[in-house]
Amino acid sequence: MSKPEQPNVLKQPLPRLVARQPRGFVDRSSPDIAATDRMLAAIRETYELYGFEAVETPFVEFTDALGKFLPDQDRPNEGVFSFQDDDEQWLSLRYDLTAPLARYVAENFDTLPKPYRSYRSGWVFRNEKPGPGRFRQFMQFDADTVGAASVAADAEICMMAADTLERVGIARGDYVIKVNNRKVLDGVLETIGLAGEEKAHTRLVVLRAIDKLDRLGPDGVRALLGEGRRDESGDYTKGAGLPADLVDHVLALTGAKGQTAQATLANLARVVGASARGAEGVAELEEIASLVAAAGYADGRVEIDPAVVRGLEYYTGPVYEAELTFEVKDDEGRPVRFGSVAGGGRYDGLVARFRGEPVPATGFSIGVSRLLAALKLVKSPIVTDAAARGPVVVLVMDRDQVAHYQAMVARLRAAGIRAEMYLGSSGMKAQMKYADRRGSPCVVIQGSNERAAGEVQIKDLIEGAAQAAAKAGSIADSAEYRAQRLAQFSVGEDLLVEAVREVLARHGG
RNA sequence: GCAGCUGUAGCUCAGUUGGUUAGAGCGCCUGAUUGUGGAUCAGGAGGUCCCCCGUUCGAGCCGGGGCAGCUGUACCA
């Protein structure tokens, strides 16, 4: 083996690397990780309370198991990160947690209890253009019931979604779980003559138009159902090309929401007309509504909303969406539309792809990053309490006493107090700054004077900051400023642990 | 993907009709008694003016082409 070439850094430095991330991928900092962990724990508790059990599947699946081959090509779909294994089989990073669950259930079908109720969280990957709050790697938290055909399973998941949002700190009234049924949408499309294979494209365009109701309003949807729509940048979107009377019929569906669930259901029954499939959908919604009402969740927490569409790929029955309804402003004072933080529905065909028989299933998925962003905006305690305090910092005043400082740190740690000795090479002022930036509750100072007296100084940084803020502007020169030594006291070195404990206790921990 | 807008210091941004060595505020570092974060003052470090090509005696500025970001739109399992 020959010696590897060593780059000669002295003579000819290599071109400097640019430190950067691929777009759509982000680093996570300590507070974010802490807040996310707390939020995930709260979600997990709620799911466990409902009787769901944990399961985990890997990041990588066979591409065909995810259902992501283009119909006519031997090549994975765009939007999915894919690569070929050494045996040339296509593999993909999972783009959601539902398709892998379907694979898992199919593979372990005979040993799993049915209905099989499980939850899992994890990273998923989508190879597409990122946007604000939209990344190429993000986390989802799903719960699914597989093997239950009853819409009671759907109703339960809606109620659990409501409980989950409240558990993580979204107040009742600040969210709504909207429920619809794909069969109702199919029924309406049938009554306006959009049944059959040759109308599939138009159906798609119509469903997409309906899905945009909350963003574009009825007029925007009307334009998209008819000729088309020009947006504010001047870009044009071709419409479905429906005649005016059919456009009205579709808008009658999206506007079918009444004051009560009964009124909404009556409107829907009218709009689906003679369609058997539509009537089936309305009946399912009716059953969900009565289950939700019986459990006491019909107080605005769970509502029928005929404009909910969700994804177009695999939903077959009830669909649901958790929407946040409160108004917020961003950093520049612009109103932010928060919208959907979770969604799901019934996908009776997904497991069936792996088995001869149909397997009913329903589930939903929380967008973890979006929900966390929402919790920050409403200042949920889950997020705000997660701002972890830093360690106690023992300053290094005399280099030749490092062993002694380290011994003090060891005593603090032995007492269960997070502590560290300053490991840099800067002076005291920089060490104070360091402790400040770490969020330390206090620092321990021992110079030659204190050591001679067998004492240590303890400075309470939190109290010190408060006192300094109170005096801001009233201090004339730097000598006076330095002489203040705010919130600082001396104590015998043997009482170090007790004194630090006292400071920590002052600040609740 | 399509459309519009924007790329100058770590961040937010100035930069004249094209003209020496490209600036400010904040942040960062150092210092102001031996030993004090958050106040004040003084100093310092930090730049491929997004990249390439062109026009010009001369380009941060003008032209062309890329790339990236933002906003909208499309897609969203």
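Hydrogens, waters and symmetry mates are skipped; everything else that's a heavy atom, side chains included, is used. The sequence lines fix the lettering, A, B, ..., with proteins before strands; numbering per chain opens at 1.
As judged by a 4.0 angstrom heavy-atom cut-off over every strand, A/L66 is placed among residues making no nucleic acid contact. A/Q140 comes within 4.0 angstrom of no nucleic acid atom, judged by non-hydrogen atoms across all strands. Heavy atoms of A/G79 sit under 4.0 angstrom from at least one base atom. Counting non-hydrogen atoms under 4.0 angstrom, A/Q431 reaches nothing in the nucleic acid.
Rounded to a whole angstrom, the distance from the C1' atom of B/U8 to that of B/G23 is 10 Å. B/G31 and B/G37 have their P atoms separated by 11 Å, given to the nearest Å.
Spacing between atom CG of A/D144 and atom P of B/A77 amounts to 15 Å, rounded to whole angstrom units. When rounded to the nearest whole Å, the span between NZ of A/K212 and P of B/A74 equals 5 Å. Taking atom CG of residue A/N127 and atom P of nucleotide B/G1, one finds them 11 Å apart after rounding to whole Å. Taking atom NZ of A/K429 as the reference point, atom C1' of B/G31 lies 9 Å away to the nearest angstrom.
Searching all strands for a Watson-Crick or G-U wobble partner of B/G35 with both distances below 3.5 Å returns nothing. Here B/U71 sits opposite B/A3 as a Watson-Crick or G-U wobble pair (both hydrogen-bonding atom distances under 3.5 Å). Nucleotide B/A45 has no partner under the Watson-Crick or G-U criteria, as no pair reaches both atom distances under 3.5 Å. Pair assignment for B/U12: B/A24, on the basis of Watson-Crick or G-U wobble contacts that are both within less than 3.5 Å.
In the model, A/H507 has a side-chain atom that pairs as donor or acceptor with a side-chain atom of A/D460 under 3.5 Å.
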Taking N or O atoms only and anything under 3.5 Å, show me the protein contacts with nucleotides 27-29 of chain B, one pair per line.
from: B/C28; atom 1: OP1; to: A/R437; atom 2: NH2; distance (Å): 3.3
from: B/C29; atom 1: OP2; to: A/K433; atom 2: NZ; distance (Å): 3.1

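Taking the six-membered ring where the residue is Trp, A/F141 and A/Y47 present perpendicular rings, their angle passing 60° and hence far from 30°.
Without hydrogens or angle criteria, A/R346 side chain to A/G363 main chain gives no donor-acceptor distance under 3.5 Å.
Looking at residues two or more places apart in sequence or on another chain, you find a salt bridge (charged side-chain N to carboxylate O under 4.0 Å, His left out) between A/E284 and A/K183.
Both geometric conditions, a ring-centre gap below 5.5 Å and a plane tilt below 30°, are not fulfilled together for A/Y314 over the base of B/A77.
Taking side-chain N and O atoms only, A/K129 has no distance below 4.0 Å to OP1 or OP2 of B/A68. Contact check, A/R215 against B/U73: a side-chain N or O comes under 4.0 Å of OP1 or OP2.
Looking at A/R126, its side chain comes within 3.5 Å of the base of B/A77 through a donor and an acceptor atom.
Nearest-nucleotide mapping onto RNA chain B: of A/L216 and A/V80, the residue sitting toward the 5' end is A/L216.
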